[in-house]
Amino acid sequence: MTVWALLVAAGAGERLGGERPKAFVGLGELPLLAEPLRRLDESGWIDSIVVAAPPGWEEPTILLAEELAATKVVAAVTGGTSRAESVRVALAEVPHDGLVALVHDAARPLVTDAVIERVLAPLSDGWDGAVPALPLPDTVKRVEHERIAETVSRDGLVAAQTPQAFLVTTLRAAYSGDLAGATDCASLVEARGGRVKVVQGDPKLLKVTTKADLEIVASWL
Ligand code: C5P
């Protein structure tokens, strides 16, 4: 099967502060984007990569790919105003013979071959998609106006991560409609009745949101 990685990197990353978009904040010697880009490029599971870059950062994205000798990068498209819009733009670059799309947040730099393999495997078993997830360690509350309205049972609840893998036809159908409120790809596929399997996630797929997250990821490198 032909596997296309869609690396969404167009977020502003306002909570990180600084002048650059999150994907171009430093992680070690290089921009954060370099880490997931290199890992996807080196993965034997991935054939081609499309990056959704922050507006105005398409050229630096291509230069970074060249610097890393990431030969699978076929396009750096301009990301949209939401994650879902960025996925839609990147998905439009996948040709008709592309079978599988693996969508990954650049903000989760430490993607591994092991998790890529775990999300791809269910697609050969008749699933429409697969998502890595972790159980919730904390007690979960629903809050209304600062007051706890309810303590939600953790039974059956998980926190979804990326990379998320789907058949391209499934993902195209999911992204053909209204994208409002979609914080991941699976939610749009589920809404159309798609069967999405949950596989084991990885704590090191932490999403970098704050400077403290960036320091944690740097310490894991
Ligand atoms: O904003 P959030 O943390 O949900 O972002 C998750 C991923 O989606 C990040 O890698 C970010 O760069 C990407 N994103 C995007 N386009 C946007 C917003 C977020 O590609 N407009």
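Note that ligands are numbered from 1 as they come in the structure, with each ligand's atoms numbered from 1 the same way.
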Exercise. Say whether A23 and ligand 1 are in contact under the criterion: heavy-atom distance to a ligand atom below 4.0 Å.
Key: no
Quiz item: Which atoms of ligand 1 are found less than 4.0 Å from any heavy atom of S86?
Solution: 15 (C), 16 (N), 17 (C), 20 (O), 21 (N)
Exercise. Around atom 7 (C) of ligand 1, find the nearest protein heavy atom and jot down its residue, atom name and distance.
Key: D105 OD1, 3.3 Å
Self-check item: D105 with R83: basic N within carboxylate O range, under 4.0 Å
Solution: yes
Quiz item: Should V143 and V140 be counted in the same cluster of Ile, Leu, Val, Met, Phe, Trp and Tyr side chains packed under 4.5 Å apart?
Solution: no
Quiz item: If you take all heavy atoms of A65 and V73, which pair is closest and at what distance?
Solution: CB-CG2, 3.9 Å
Exercise. Any chance you could measure R195, atom CZ, to E190, atom CD, to the nearest 0.5 Å?
Key: 13.0 Å
Practice problem: Among all protein heavy atoms, pick out the one at the shortest distance from atom 21 (N) of ligand 1; state its residue, atom name and that distance to 0.1 Å. | Solution: G80 O, 2.9 Å
Self-check item: Protein residue, atom and distance nearest to atom 20 (O) of ligand 1, heavy-atom basis
Solution: A10 N, 2.9 Å
Quiz item: Which heavy atom of D41 sits nearest a heavy atom of T71, and at what distance?
Solution: OD1-N, 3.2 Å
Quiz item: So, E42 and R38, do they make that salt bridge, N to O below 4.0 Å?
Solution: yes
Quiz item: Is K141 atom NZ crowded by more than 12 heavy atoms from other residues, nucleotides or ligands, each under 6.0 Å away?
Solution: yes
Quiz item: What distance do L91 atom CG and S86 atom OG have between them, rounded to the nearest 0.5 Å?
Solution: 12.0 Å
Quiz item: Is any N or O atom of A106, backbone or side chain, closer than 3.5 Å to an N or O atom of ligand 1?
Solution: yes
Exercise. Among all protein heavy atoms, pick out the one at the shortest distance from atom 14 (N) of ligand 1; state its residue, atom name and that distance to 0.1 Å.
Key: G11 N, 3.4 Å
Self-check item: Under-4.0 Å heavy-atom contact between protein and atom 1 (O) of ligand 1
Solution: no
Practice problem: Look at atom 17 (C) of ligand 1 and find which of P21, S82, P54, A90 reaches it with the closest heavy atom. | Solution: S82
Quiz prompt | atom 5 (O) of ligand 1 - nearest protein heavy atom and its distance | solution = K207 NZ, 4.4 Å
Quiz item: So which heavy atom in the protein is nearest atom 13 (C) of ligand 1, and how far is it from that ligand atom?
Solution: V8 O, 3.7 Å
Practice problem: Begin with the C-alpha distance, continue with both residues' side-chain angles, and end with the deciding distance and a verdict on side chain to side chain donor-acceptor pair (under 3.5 Å) for Q161 and D202. | Solution: CA-CA 8 Å; Q161 303 179 312; D202 182 345; over 6 Å; no
Exercise. Record the part of T81 in heavy-atom contact with ligand 1 below 4.0 Å; permitted values are side chain, backbone, both and neither.
Key: backbone
Self-check item: Closest protein heavy atom to atom 8 (O) of ligand 1, given as residue, atom name and distance to 0.1 Å
Solution: R83 CG, 3.4 Å
